[in-house]
There are 2 protein chains.
Amino acid sequence: MFQAAAAAFSDRGFDGVGVDEIAAIAGVNKAMIYYHFTDKLELYREVVRDMLRDASVRVTAIAESDRPAPLRLETFIAAFVEMADARPWFPTLMLREMAEGGPRLDPDTLVLMRSVFVAFARIVQEGQATGAFRSVNLVLAYMSTIGPLLLNAARERAARQPGRSDLPMFVEVPHAVLAAHMQQVALDMLRIKP
Amino acid sequence: MFQAAAAAFSDRGFDGVGVDEIAAIAGVNKAMIYYHFTDKLELYREVVRDMLRDASVRVTAIAESDRPAPLRLETFIAAFVEMADARPWFPTLMLREMAEGGPRLDPDTLVLMRSVFVAFARIVQEGQATGAFRSVNLVLAYMSTIGPLLLNAARERAARQPGRSDLPMFVEVPHAVLAAHMQQVALDMLRIKP
DNA sequence: GTCTATAAATAGATAGAC
DNA sequence: GTCTATCTATTTATAGAC
């Protein structure tokens with residue numbers, strides 16, 4: 001049921017999805033939504049939290065592994081691609097929430113978002129400490145890593161709309177190619193310059 | 001008046017902004033909106049088109065200049081940062097429209113979006129032809145270039161929400177630093193590997 | 001061209017039976 | 001826990017005076 005609601009919110013946003021519609025795709029009555037959640041906002045928050053919890057746990061485990069930092073960075077990126085594969089609504093919902101400035105994010109959700117960033121930052125900083133990575137602005141490095149992943153997911157969705165397949169920017173890109181490209185760019189960004 | 005509507009749509013999305021509100025910030029009566037536009041959707045489309053027209057003209061001029069490709073690429077990125085500076089609603093509105101899969105984009109707008117991508121692709125391809133750039137997937141290179149720029153604009157907006165200033169991922173990053181970082185990453189991505 | 005007033009549809013939310 | 005029916009507020013859109 002969360003999946004259905006998440007996909008709908010991801011498609012059309014908080015204001016674009018009615019509680020009626022969520023009830024319909026969840027196969028329950030609208031009154032049931034209000035029996036389980038105080039209001040639409042709380043339902044939305046629970047959907048976003050649920051989604052971010054998984055992402056947080058996963059990338060934190062990657063960051064805490066004892067493998068070399070460059071390898072952990074590659075795994076971090078691969079994990080994002082896999083999550084986007086398994087749950088297509090994840091990147092666009094996250095992207096939309098960011099685009100809105102996150103006015104509906106509660107403190108718990110912010111902590112989860114923070115932990116994803118912290119996992120990334122930890123990998124980069126440990127790579128710098130061992131001399132594998134050069135010095136960079138951590139926030140911008142983070143933007144450079146997940147920005148293209150999120151935007152590409154949006155691009156894929158836009159490509160699925162009717163009458164788009166002929167446009168060159170909407171060509172299909174296999175996720176293996178995507179992951180390889182993103183790993184390469186991230187490592188290029190952090191590599192010590194000769 | 002377009003600016004006011006654009007800023008509102010950028011903040012809260014198509015469904016999040018009422019025609020009443022647009023009329024109010026534009027300082028006119030709601031009936032005036034419907035006198036000038038057939039409906040809310042057409043107004044929205046005109047806002048997006050107007051915004052993209054400027055961007056398209058600007059980056060096309062950069063792509064058509066006769067300077068070396070790496071320099072044109074740097075200018076392309078600097079132009080994006082400047083546009084985001086001058087019109088803060090531009091990146092988030094574009095990002096949101098992408099995140100939604102662009103279901104409201106009309107053919108004219110798609111042509112404009114296409115022309116921005118084409119300008120980028122032209123710079124990269126000409127750089128490849130002269131041996132300055134290595135071979136890459138053009139679409140992914142585009143995602144890697146504008147994705148972080150758009151996401152960072154969203155990050156900046158999110159940072160302006162109350163109670164966010166203490167979170168490490170919401171630290172302020174000067175736009176000069178942003179531009180320099182993005183130019184560096186783009187050139188690293190395209191540089192011929194040793 | 002610009003306004004007031006209002007129609008018509010939709011959305012969030014709740015009451016109350018079972 | 002689950003439903004039907006309904007209330008209330010909001011929203012898109014228009015009619016019609018000036």
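Residue numbers begin at 1 in each chain, while the letters A, B, ... track the order of the sequences. The model shown is predicted, which means the values in this text are computed figures rather than measured ones.
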Novice: If you assign each of D20(B) and M32(A) to its closest nucleotide in DNA chain D, which residue comes earlier from the 5' end?
Specialist: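 Between the two, 5'-proximity favours M32(A).
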Novice: Contact class for D39(B) (heavy atom, under 4.0 Å): base, sugar-phosphate, or nothing?
Specialist: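 The answer is sugar-phosphate, as D39(B) gets under 4.0 Å only of primed atoms, P, OP1 or OP2.
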Novice: Please give me the minimum heavy-atom distance between K40(B) and Y34(B), naming the atom from each residue.
Specialist: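 Closest pair (atom of K40(B), atom of Y34(B), distance): N-CE2, 4.4 Å.
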Novice: Would you kindly give the CZ-to-P distance between R104(B) and dT12(D), to the nearest whole Å?
Specialist: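 To the nearest whole Å, that distance equals 12 Å.
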Novice: Taking NZ from K40(A) and P from dA9(D), how many angstroms apart are they, rounded to a whole number?
Specialist: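 Those two atoms, NZ and P, are 18 Å apart.
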Novice: Provide, to the nearest angstrom, the distance between the CD1 atom belonging to I22(B) and the C1' atom belonging to dA13(D).
Specialist: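 Atom CD1 in I22(B) sits about 14 Å away from atom C1' in dA13(D).
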Novice: Below the 4.0 Å mark, does dT14(C) have OP1 or OP2 next to a side-chain nitrogen or oxygen of Y34(A)?
Specialist: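 Checking Y34(A) against dT14(C): no side-chain N or O falls below 4.0 Å of OP1 or OP2.
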Novice: Before accepting this row, confirm whether a basic side-chain N of the pair E100(A)/R96(B) lies closer than 4.0 Å to the acidic partner's carboxylate O.
Specialist: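 So E100(A) pairs with R96(B) through a salt bridge.
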Novice: Please state how far atom OH in Y35(B) lies from atom P in dT4(C), giving the value in whole angstrom units.
Specialist: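 Checked: the OH to P distance equals 17 Å.
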Novice: On DNA chain D, nearest-nucleotide positions of H36(A) versus K30(A): which is more 5'?
Specialist: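 The residue closer to the strand's 5' end, by nearest nucleotide, is H36(A).
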Novice: Of all the nucleotides listed (dC3(C), dT14(C), dA13(C)), which has the minimum atom distance to the side chain of A31(A)?
Specialist: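 The answer is dT14(C).
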Novice: Measure from CD1 on I33(A) to C1' on dC3(D) and round the result to the nearest Å.
Specialist: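 From I33(A) CD1 to dC3(D) C1': 13 Å.
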Novice: Check every atom of dT2(D), dT12(D), dT4(C) against the side chain of N29(B) and return the nucleotide holding the closest atom.
Specialist: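 Among dT2(D), dT12(D), dT4(C), the one nearest the side chain of N29(B) is dT4(C).
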Novice: Could you tell me whether E126(A) and R72(A) make a salt bridge, using a distance below 4.0 angstrom between a side-chain N and a carboxylate O?
Specialist: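 Judged by the 4.0 Å cut-off on N to carboxylate O distance, E126(A) and R72(A) do form a salt bridge.
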Novice: Within 45 degrees of the ring normal and closer than 6.0 Å to the centroid, is that where the cationic atom of R104(A) sits relative to Y44(A)?
Specialist: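 Because its charged atom sits under 6.0 Å from the ring centre and within 45° of the axis, R104(A) does stack over Y44(A).
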